[in-house]
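Worksheet for the structure shown next.
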Amino acid sequence: MFERDAEWFAPLLWRSEFRNILAGYFRRGALSFEQALAMQSEAEDLLRGDEREVDSLHVLELVRDSNCSGYDCEFVALAMSLGVKLVTMDRKLLRAFPAQAIALDRIGTRD
């Protein structure tokens with residue numbers, strides 16, 4: 001995905017979300033501590049300068065109108081404010097926001 005489009009943006013909370021994912025892989029033994037640390041560092045380097053604040057009212061409106069978490073709605077709100085698609089594999093987000101979210105495996109098959 002990064003090779004196709006190197007311009008990525010994320011809400012400020014992405015770091016916590018990503019660390020939580022890495023923690024799961026680390027605890028299951030799928031990644032070593034050093035690998036998880038290297039992946040976090042690389043991701044931070046890739047997104048440096050492209051982290052954005054999101055409007056709380058917009059996030060809460062999205063929460064109100066869906067069954068998605070506030071965390072997930074931050075990503076949706078950011079994509080909407082930037083006028084871009086949210087690339088995700090989260091089925092709940094894909095169902096709740098079909099006009100805004102696109103599945104990673106669908107990239108290249110539709111715009």
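The basis for the numbers below is simple: all heavy atoms, side chains too, and nothing from hydrogens, waters or symmetry mates.
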Check: Under 4.5 Å between side-chain heavy atoms, hopping through other hydrophobics if needed: is there a path connecting Val84 to Val54?
Finding: yes

Margin query: According to side-chain contact (heavy atoms from CB on, under 4.5 Å), who are the partners of Leu60, at least two apart in sequence or on a separate chain?
Written below: none

Check: Are Val59 and Leu82 linked, directly or through other ILVMFWY residues, by side chains that come within less than 4.5 angstrom of each other?
Finding: yes

Notebook entry, point to check: Can you find a pair of side-chain heavy atoms, one from Phe9 and one from Leu78, that are under 4.5 Å apart?
Noted result: yes

Next item on the list: Start with the C-alpha gap between Leu31 and Leu22, add the side-chain angles, then the distance that decides, and say whether side-chain contact (heavy atoms from CB on, under 4.5 Å) holds.
Entry: CA-CA 8 Å; Leu31 290 176; Leu22 292 175; 3.8 Å; yes

Next item on the list: Report yes or no: do Val63 and Met80 belong to one cluster of Ile/Leu/Val/Met/Phe/Trp/Tyr joined by side chain heavy-atom distances under 4.5 Å?
Entry: no

Margin query: According to salt bridge (charged side-chain N to carboxylate O under 4.0 Å, His left out), who are the partners of Glu51, at least two apart in sequence or on a separate chain?
Written below: Arg15

Notebook entry, point to check: side-chain contact (heavy atoms from CB on, under 4.5 Å) with Ser56: which residues, sequence neighbours excluded?
Noted result: none

Notebook entry, point to check: Would you say the side chain of Leu62 lies within less than 4.5 Å of the side chain of Glu74, judging by non-hydrogen atoms?
Noted result: no

Notebook entry, point to check: Can Leu12 and Arg52 be said to form a side-chain contact (heavy atoms from CB on, under 4.5 Å), step by step?
Noted result: CA-CA 6 Å; Leu12 294 172; Arg52 301 287 191 267; over 6 Å; no

Item checked: Side-chain touch Glu44/Trp14, heavy atoms, less than 4.5 angstrom -> yes

Notebook entry, point to check: Who passes side-chain contact (heavy atoms from CB on, under 4.5 Å) against Asp45, sequence neighbours left out?
Noted result: Ser41, Arg48

Notebook entry, point to check: Quick one: side-chain contact (heavy atoms from CB on, under 4.5 Å) partners of Tyr71, sequence neighbours excluded?
Noted result: Leu13, Glu17, Ser69

Check: Could you state the interatomic distance from CG (Asp90) to OG1 (Thr88), rounded to the nearest 0.5 Å?
Finding: 4.5 Å

Going by atom type alone, with no hydrogens or angles, which donor-acceptor pairs under 3.5 Å involve a side-chain atom of residues 91-98 and a protein atom two or more places apart or on another chain?
from: Lys92; atom 1: NZ; to: Asn67; atom 2: O; distance (Å): 3.0

Notebook entry, point to check: According to the side-chain hydrogen bond (donor to acceptor under 3.5 Å, both in side chains) rule, which pairs have a member within residues 25-35, sequence neighbours left out?
Noted result: Ser32-Gln35

Item checked: Heavy-atom pair of closest approach, residues His58 and Ala77 -> ND1-CB, 3.7 Å

Notebook entry, point to check: Quick one: hydrophobic cluster around Leu37, which other residues, with the 4.5 Å side-chain cut-off, linked directly or via members?
Noted result: Phe26, Phe33

